[in-house]
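Scroll down for the structure; my scribbles are underneath it.
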2 protein chains.
Amino acid sequence: MKKLPKISESEWQVMRVLWKKSPLTANEIVEELAGNTNWKPKTIKTLITRLTNKGAIKFEKEGRLYKYHPAVSKDDCVRMERRSFVRRVYGGISKPMVASFLEDAELSADDIAELKKILDQKAEE
Amino acid sequence: MKKLPKISESEWQVMRVLWKKSPLTANEIVEELAGNTNWKPKTIKTLITRLTNKGAIKFEKEGRLYKYHPAVSKDDCVRMERRSFVRRVYGGISKPMVASFLEDAELSADDIAELKKILDQKAEE
DNA sequence: AACAAAGTATTACATTTGTAATCCAACGTC
DNA sequence: GACGTTGGATTACAAATGTAATACTTTGTT
């Protein structure tokens with residue numbers, strides 16, 4: 001598994017767009033982000049360039065414009081962020097931490113059932 | 001509830017020390033961190049100064065030296081980080097997110113039981 | 001062919017962060 | 001009372017980040 005680049009807060013927004021759907025042109029990314037942010041298109045171009053330099057995304061030329069797509073796996077990046085977050089804030093994964101998430105979470109009955117199943121599996125280990 | 005300062009990755013280390021035990025002198029903080037980091041004492045002093053400027057910690061002079069203590073609540077800061085993290089990475093709290101934490105977590109039987117209880121409560125809401 | 005439009009590349013610039021070193025002031029020691 | 005030690009204050013400086021603007025280069029249009 002290759003080494004993951006560090007993705008900043010703003011850059012995550014761009015990555016999330018591309019993980020949802022790709023390849024996209026720069027302008028398509030701008031449009032996707034239009035609702036969620038107030039960034040000027042040029043700002044988004046900058047983020048795209050930086051992500052490219054970091055190796056987080058790649059592109060192919062399609063005629064004269066570029067189609068961008070992720071170069072790193074979302075799961076891997078999420079896992080890295082999660083670990084970093086947990087270490088920083090809780091000093092490690094613990095029950096109080098999971099509990100705090102649960103208190104904020106909006107879960108369906110099915111979700112709850114499934115989480116309980118996971119807990120049961122962990123209980124057996 | 002007052003507005004919380006943004007606490008950086010390194011600064012969190014200092015805050016965690018003070019939340020665990022305070023007030024402490026700068027040197028006591030340095031000693032507490034000695035095991036976990038390779039920071040020079042001067043580096044830690046810088047972090048303390050910045051946290052003071054941000055209003056995250058306060059101090060009283062005790063003779064010629066300062067005793068530092070948190071000026072913001074750990075719970076509030078943790079909550080803010082959690083929300084920021086979740087929004088950035090998952091776009092909101094969801095079952096897959098909680099599940100991913102559970103998969104990494106090391107939980108005792110009691111922990112598991114308690115989490116299941118929380119889930120049951122959520123099921124009733 | 002000249003010009004406008006659209007994309008990409010380059011440059012900008014203040015703030016924050018990581019990681020310290022140096023300066024200054026008070027206190028204890030010889 | 002001069003001097004070293006110790007702790008806080010000030011200064012340092014590069015990299016990352018947020019947030020763009022300007023420059024350059026194709027390409028479509030008239």
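Note that the coordinates shown come from a computational prediction; the quantities given were computed from them, not determined experimentally.
- Using a 4.0 Å heavy-atom distance criterion, Thr46(B) is classed as a base contact.
- Scanning atom types as modelled, no donor and acceptor separated by under 3.5 angstrom connect the side chain of Lys45(A) and the base of dT8(C).
- The side chain of Thr43(A) contributes no N or O atom lying less than 4.0 Å from OP1 or OP2 of dT19(D).
- Between Trp12(B) atom CH2 and dT17(C) atom C1' there is a gap of 17 Å when expressed in whole angstrom units.
- Taking only distance into account, the side chain of Lys42(A) meets the base of dT8(C) through a donor-acceptor pair shorter than 3.5 Å.
- Lys54(B) comes within 4.0 angstrom of sugar-phosphate atoms only, judged by non-hydrogen atoms across all strands, and of no base.
- Going from atom CD1 of Ile48(A) over to atom OH of Tyr68(A) covers 5.5 Å, rounded to the nearest 0.5 Å.
- Contact between the side-chain N/O atoms of Lys40(A) and the OP1/OP2 oxygens of dT19(D) is not found at any separation under 4.0 Å.
- Atom C1' of nucleotide dG7(D) and atom CG of Leu24(B) are separated by 16 Å, given to the nearest angstrom.
- OP1 or OP2 of dG18(D) lies within a sub-4.0 Å distance of a side-chain N or O belonging to Ser10(A).
- Checking Val17(B), Leu33(B), Thr49(B) one by one against Ile44(B), the side-chain contact (heavy atoms from CB on, under 4.5 Å) holds for a single residue, Leu33(B).
- What separates CG of Asn53(B) from C1' of dT16(C) is a distance of 13 Å, to the nearest Å.
- At the phosphate of dA9(D), OP1 or OP2 sits under 4.0 Å from a side-chain N or O atom of Tyr66(B).
- In this entry the distance linking NZ of Lys61(B) with P of dC27(C) reads 11 Å, nearest Å.
- Remark: P of dT19(C) and CD of Glu9(B) are 10 Å apart, rounded to the nearest angstrom.
- For the pair Asn27(A) and dG7(C), the criterion of a side-chain N or O lying under 4.0 Å from OP1 or OP2 is met.
- Ring pair Phe85(B)/Phe101(B) is perpendicular by interplanar angle, where above 60° counts as perpendicular and below 30° as parallel.
- Applying the 4.0 Å criterion to OP1 and OP2 of dG8(D), one finds that Thr49(B) has every side-chain N and O outside that range.
- Summarising the geometry, the separation between CG on Leu51(B) and P on dT16(C) is reported as 14 Å, rounded to the nearest angstrom.
- Mapping Trp39(B) and Leu65(A) onto DNA chain C by nearest heavy atom places Leu65(A) closer to the 5' end of the strand.
- In this structure, Ile48(A) places its CD1 atom 17 Å from P of dT17(D), rounding to the nearest Å.
- Between the C1' atom of dA26(C) and the CD atom of Glu62(B) lies a distance of 17 Å, rounded to the nearest Å.
- We find that Lys54(B) and Glu11(B) are joined by a salt bridge, their nearest charged nitrogen and carboxylate oxygen being less than 4.0 Å apart.
- The base of dT10(D) has none of its N or O atoms less than 3.5 Å from a complementary donor or acceptor on the side chain of Arg50(B).
- The CG atom of Asp110(A) sits 5.0 Å away from atom OG of Ser108(A), with the distance rounded to the nearest 0.5 Å.
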